[in-house]
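Report on the following structure.
Being a predicted model, the structure only gives us computed values, none of them experimental.
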Amino acid sequence: MDVEQNRRRRFEAYQSFRLKDGRWPARAQRLLESTYTLCVEGLQEPLHQCLSDFEQKLFKQAENAKLSKQQQDFLVSRLRVIHDRTAFEERFLLELAEAFNDIDKAAVKADASANPRSRLSLQLLDQAEQEMVMSIERLGARGEMRHNSVLYELGYRLAVLIGAPPLEGRSLPIGPYALTHAIHTASVVLELPLEHHLLLMQSFEEHLILALAPVYATVNARLREDGILPELRSIPVPRQVNARPSAAMPEATAVVPTEKVRQASASAMASGGSIEVLESLRDLLTQRRTTGNAAHGQPPGRAASADELQVALGALQQHLVKVTDQASRELRSAQRLREELLTQLNIGKPAGAPQTQLSNEQGDTVDLVAMLFEQLGQQLQGSGNNAYAMLGNMQLPVTRIAVADPAFLEQREHPARKLLDTVTAAAHDWLDGSDDESGRPLAAKLDQLVARANQEPPTAGLYTSLLADIEHHLSLLTRKAQTAESRHLEAAKGRERLDQARQRASEYMAERFIQTPPRGLLRALLDRAWSDVLALTLLRHGEQSGAFEAQLAITDQLLGRLPIHDREQLQVDVEVGLQQIGMHAEEAVQVAQRLLGLDDPDSNIDLPSTTDLALRLKQHQRLGETASQEPSAPELPQEATIDPRELAMQQHLHDLPFGSWFEFTDPATEQMVRRKLAWHSPVSGRCLLVTRRGQRGEEMNIAQLAHEIVAGRVFEVPTQREGILDRAWRSLTGSLRQPNASAQSRRQESDRG
């Protein structure tokens, strides 16, 4: 309670902030100060939630860390957040106050930065710093897009107060760009590494950027009530996505939009968001068609209505079911799909009648979806025929929802886009092309999902239902895989502990054998069975325990190193020890009696010979082994020298976090299969490689894995920061940009000639 009261008092102290005197008229100064006060009051709780969420994210990351150093780094950052939280909040509010104080200077700086002549110097940028700057830019851009309309009004009203042009972007003191910069500056007190700083920015976006709408609305209402542009309303600026230069337009004029589109696309790709890239895709399509044929325009005829296009797509869906796979793949290409749709739209029309055409927007949507699926097909190479067939059957349902709902191309969180991303990733990760039983339930679920998408009308509700269904199925698969992997992991660690205990027991035996070498039955007993008894005692009680010292004393008595005070008790101890490692009671009694020469006079059973018992002990199954245990991987041939590349690769593998993926070539099918490095021992180097479903894969150690990688039979799979759908969007954008650039260079060369 005291902490909460102190925090509130600190924010109340900043609410009483006053601008520097003498800079503005009394009314302007009063309104600017009240605006700042409203902002501090509105940002108080979101900022508190942002830091609390960031602290929880650090704790979860520490719990899930694969390496102890990573875990320690996350915990250290969490402690810094807890201890320096007050300093962080004060620095953030101070930066916000400085932004209000320099509101007129910020406007001048924004104008200067827009002038290319003001950038007169170049400097190298550290990679970490560059990634930081890019994340800040992306976050500010997303905030601007989210609150575009209300920021429009706010920028005009604050500009009226200071007598400046409309404030926008970095010149707006409470805009997303300024607040993101304030958070970044305030985070200096926390001394966060780059990865943790990105987590902070994620929490900032989730809890503060999303909460800005009521703050902006309150400030706008306050200024409007005071008579500052009371009739101002935000006016959305139309996007000229389909504007086509006419044939009569000079060529130099037509090149200008191309360069603007190229710059916008390049900037969007650098920012890493697929939504930003989508803003220019239709323009890129337009420029490519214009470059290919400047005189080409919209064919004469009436544009198809939305219902007509849906009917045509539905008819084409029914047609694709009946054709062969090869013909189906051809029909799904962008050009053939367009032609088939025009055929379906004009079936039954008399000759000479005006033809029904696709509108510019409809045609662009059909082309973009077809190109997207081509890129997705390339991303799924090596995933098997099941994934390819499933992806092909999804194309027309996705095309139908894309032409029916333009938000498919504009909203990253659209249910159809999320479903396409989820299904594609599931096919790539879980369907490896094999026909084993493990993959059939998922393949059947995906087939059922695709069938529903083909049969039911395209709506956002349908895709929301399908997405929930497949996510539930995948969560069950993931949970089963994690359970299976945990079981194999515990077995591997137990086997490792047993091997270490057995090695230590062998060292104790070797020390005693040097001084008192045993023979015959005693040697067979101590070499195998009793060595396992020592190893089991080590595992259960530890090397410094009394139980282990007692077993060593029994060993010394058997070897004659210690006197035997009670032979019958020694026999009982030997029998109990042998039964603990799985030997039958009768056989344990026979070994102990024959070893110590204590035959039971009341027993009518003749004891086996010493040779027979020694042979049985040598054939006895060792502790931890099973009759069906798989043979260990063959050892690499011992060479005089080891390839330095293998030594470097071994060090690299030791530094890899658990969960890294590798691709192996299946010798039987010549297909690439993926295996996850779930664990490796720092002592023995033994690896645990598992499949996607958590089943144990190849048996090998670090040295063998390094040898296979250097030999080119195994490949490390790099970590992908983006999903398959995002990578497909990037590839699509790159392919659209390339023809424009090459065509422009050819045109420049012809002009020089």
Side-chain angles (χ1 to χ4, degrees), residues 239 241-242 273-286 289 303-320 328 331-342 344-345 357-377 379 390-424 449-450 452-467 470 723-733 735-736:
R239 278 196 316 125
V241 294
N242 289 315
S274 60
I275 285 290
E276 291 84 349
V277 174
L278 285 174
E279 293 296 329
S280 61
L281 286 180
R282 289 197 178 110
D283 297 306
L284 290 170
L285 277 173
T286 300
R289 297 192 191 104
S305 65
D307 292 339
E308 290 175 332
L309 184 55
Q310 288 294 335
V311 171
L313 286 169
L316 191 55
Q317 277 183 257
Q318 300 300 322
H319 174 65
L320 288 179
S328 176
L331 288 175
R332 289 189 176 99
S333 66
Q335 183 62 30
R336 286 295 305 276
L337 187 58
R338 216 182 230 271
E339 295 173 357
E340 290 296 324
L341 281 176
L342 292 177
Q344 293 290 339
L345 287 171
Q357 304 290 342
L358 297 177
S359 68
N360 292 333
E361 186 172 355
Q362 291 171 344
D364 289 346
T365 301
V366 171
D367 289 348
L368 287 174
V369 173
M371 294 176 184
L372 174 63
F373 272 79
E374 291 177 2
Q375 297 296 334
L376 286 174
Q379 297 289 335
M390 181 278 307
L391 181 66
N393 293 333
M394 282 286 293
Q395 181 172 343
L396 282 181
V398 171
T399 305
R400 294 186 66 181
I401 188 65
V403 297
D405 187 0
F408 174 84
L409 295 178
E410 303 296 337
Q411 296 179 3
R412 190 189 191 97
E413 299 301 317
H414 192 279
R417 285 186 59 172
K418 294 180 67 175
L419 176 68
L420 180 60
D421 192 15
T422 303
V423 168
T424 307
L449 180 147
V450 173
R452 281 191 61 191
N454 276 279
Q455 294 168 4
E456 300 184 22
T459 61
L462 168 66
Y463 282 91
T464 301
S465 172
L466 296 178
L467 179 62
I470 189 60
I724 296 179
L725 185 60
D726 288 337
R727 297 200 301 271
W729 278 122
R730 285 184 176 275
S731 299
L732 171 58
T733 306
S735 64
L736 287 176

Any non-hydrogen side-chain atom of [X] less than 4.5 Å from a side-chain atom of [Y]?
X: Q310; Y: P458; value: yes
X: F373; Y: L420; value: yes
X: V403; Y: V369; value: no
X: V423; Y: L419; value: yes
X: L358; Y: T365; value: no
X: E374; Y: S735; value: no

Under the side-chain contact (heavy atoms from CB on, under 4.5 Å) rule, what do L725 and L372 come out as? Steps first, then yes or no, please.
CA-CA 8 Å; L725 185 60; L372 174 63; 4.0 Å; yes

I'd like to know if the side chain of [X] reaches the main chain of [Y], judged simply by a donor and an acceptor atom lying under 3.5 Å from each other, with no hydrogens or angles considered.
X: R338; Y: G363; answer: yes
X: N454; Y: V450; answer: yes
X: Q362; Y: L309; answer: no

Over all atoms of both residues, closest heavy-atom pair of [X] and [Y]:
X: A453; Y: L466; answer: CB-CD1, 4.1 Å
X: P457; Y: L462; answer: O-CD2, 3.4 Å
X: L449; Y: I470; answer: CD1-CB, 3.7 Å
X: P415; Y: L467; answer: O-CD2, 4.4 Å
X: S731; Y: Q375; answer: CB-OE1, 3.0 Å

Measuring from atom [atom1] of [X] to atom [atom2] of [Y], what distance do you get when rounded to the nearest 0.5 angstrom?
X: R417; Y: I401; atom1: CZ; atom2: CD1; answer: 13.0 Å
X: W729; Y: I724; atom1: CH2; atom2: CD1; answer: 15.0 Å
X: Q357; Y: L341; atom1: CD; atom2: CG; answer: 11.5 Å
X: F408; Y: L368; atom1: CZ; atom2: CG; answer: 10.0 Å
X: Q395; Y: L313; atom1: CD; atom2: CG; answer: 10.5 Å

For D405, the option from R400, Q411, H414 that meets side chain to side chain donor-acceptor pair (under 3.5 Å):
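When side chain to side chain donor-acceptor pair (under 3.5 Å) is applied between D405 and each of R400, Q411, H414, only H414 qualifies.
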
Name all pairs fulfilling the side chain to side chain donor-acceptor pair (under 3.5 Å) condition that reach into residues 456-466, sequence neighbours left out, sorted by first residue then second.
R452-E456

Checking side chain to side chain donor-acceptor pair (under 3.5 Å) for the pair E339/Q335: CA distance, chi angles, key distance, verdict?
CA-CA 6 Å; E339 295 173 357; Q335 183 62 30; 3.2 Å; yes

